[in-house]
Number of protein chains: 2
Amino acid sequence: MECPRVRLTTKSNNGKRSSASASAPALGQRATRQRKLIYDILRSTEDHLDAESLYRKARDIDSRVSLSTVYRTIALLKESDLVDELVFEDDRRCYEFRKEVGHHHIRCLSCGEIIEFECDCLEKMRARLKQELGFEVEALKIDISGYCRKCSASR
Amino acid sequence: MECPRVRLTTKSNNGKRSSASASAPALGQRATRQRKLIYDILRSTEDHLDAESLYRKARDIDSRVSLSTVYRTIALLKESDLVDELVFEDDRRCYEFRKEVGHHHIRCLSCGEIIEFECDCLEKMRARLKQELGFEVEALKIDISGYCRKCSASR
DNA sequence: TTTACTGCAAAGTGTTTGCAGCGAT
DNA sequence: ATCGCTGCAAACACTTTGCAGTAAA
């Protein structure tokens, strides 16, 4: 039973923020200060931020950013497949820089920690859906909530 | 590779509405007209309704139902594990009467049809998460969007 | 100089809530 | 008769939008 092997996703970036601010993303038309900032924050953080915290982080660095721009930029980045949106049970929507396909999230209902993992069984399921139902999968998302080792111990 | 076998869930109910209105559910304290009505609609429909359409359906039968009551009743039914909430990519939330565990949904982005299927690999994944990460899964939900056979053909 | 992008405030969406009256028990 | 439930409207949280000004090209 090889399929549902769970393995932690290797963290793609172990510093706080990658030093070089890198090239501006192909966001839309113009690489504005605000867009670069928001993009940089998302690209370099380990956290899964919601719109509000992303806004606060951005504003701490440069006050000339508005919440609307954060939303507009998120939409842009989603369209360009540069960031993914995670929607959890309780409606919280977080954003993260696009990583490898096939990595998923579990969230601890008690401490809020988000753990990432990979499981190739989902990719296999996608193939099966195509084969057996003729269904062409565009988006496959799995949301798992529960209690992490630490929190289930202290319950 | 037995694991990600996809199979269509057998429809639990093939009539339009089951004839007998059945016993009142253990909803909370009181089995009111409104609660019975909402419960009955959810129990007997094949569709996955959102709050609004559930409200319209209910109001068509008995005008003395309000949208707030629909929301309140849905919350109640969710708490009692009598209905499940499905949250799709585009935010639409639908409700369905609780069926067997381990059945999931895929939705056609073109025609909106919701197809149900089972896949035991997710249950196995749950076991693995427990075993390997010590993570106690409370809720496991998978949302798949894409194009059904018919719609992918006509694209 | 052009016109895409931004901040602001206002509008919109889906859901929840406070309250006085209603009705299941 | 009690007090849990309801309808209503108002509040709510989050997101989107119109517009006049700003700035990237």
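Reckoned from all heavy atoms, side chains included, excluding hydrogens, waters and symmetry mates. Chain letters run A, B, ... following the sequence lines, proteins first, then strands; residues in each count from 1.
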Trainee: Is there a salt bridge (Lys or Arg N to Asp or Glu O under 4.0 Å) between B:K57 and B:D60 once you walk through the steps?
Mentor: CA-CA 5 Å; B:K57 253 181 198 280; B:D60 286 351; over 6 Å; no

Trainee: Just jot down the side chain to side chain contact (heavy atoms under 4.5 Å, CB included) partners of A:E96, sequence neighbours excluded, or say none.
Mentor: A:H48, A:D84, A:L86, A:K99, A:H103, A:H105, A:E116

Trainee: Who are the side chain to side chain contact (heavy atoms under 4.5 Å, CB included) partners of B:R64, not counting sequence neighbours?
Mentor: B:R33, B:D62

Trainee: By salt bridge (Lys or Arg N to Asp or Glu O under 4.0 Å), which residues pair with A:D81, not counting sequence neighbours?
Mentor: A:R98

Trainee: According to side chain to side chain contact (heavy atoms under 4.5 Å, CB included), who are the partners of A:K130, at least two apart in sequence or on a separate chain?
Mentor: A:E136

Trainee: Whole Å only: how far is the CG atom of A:D62 from the P atom of C:dT6?
Mentor: 12 Å

Trainee: Mind calculating the distance between CG (B:L76) and P (D:dG4) to the nearest angstrom?
Mentor: 14 Å

Trainee: Nearest-Å distance, CZ (A:R35) to C1' (C:dC5)?
Mentor: 6 Å

Trainee: Indicate yes or no: at least one non-hydrogen side-chain atom of A:V137 is less than 4.5 angstrom from one of B:I106.
Mentor: no

Trainee: At under 4.0 Å between heavy atoms, which parts of nucleotides 17-25 of chain C does protein reach? Answer with one letter per nucleotide, 5' to 3': B base, S sugar-phosphate only, - none.
Mentor: BB----BBS

Trainee: For A:Y55, check side chain to side chain contact (heavy atoms under 4.5 Å, CB included) against everything at least two apart and list the hits.
Mentor: A:E52, A:R59, A:L67, A:V70

Trainee: Measure the angle between the two terminal helix axes of the helix from C:dT1-D:dA25 to C:dT25-D:dA1, five base pairs each, and quote it to 10°.
Mentor: 30°

Trainee: Distance check needed: D:dC14 P versus A:E85 CD, whole Å only.
Mentor: 14 Å

Trainee: In whole Å, I'd like the distance from the CD atom of A:E79 to the P atom of D:dT16.
Mentor: 11 Å

Trainee: side-chain contact (heavy atoms from CB on, under 4.5 Å) with A:Y95: which of A:D47, A:L82, A:L42, A:L49?
Mentor: A:L42

Trainee: Without decimals, in angstroms, what is the distance between A:Y55 OH and C:dG7 C1'?
Mentor: 9 Å

Trainee: Rounded to the nearest Å, what distance is computed from the CD1 atom of residue B:I74 to the P atom of nucleotide C:dG14?
Mentor: 14 Å

Trainee: Could you tell me how far apart B:L54 (CG) and C:dT15 (P) are, to the nearest whole angstrom?
Mentor: 11 Å

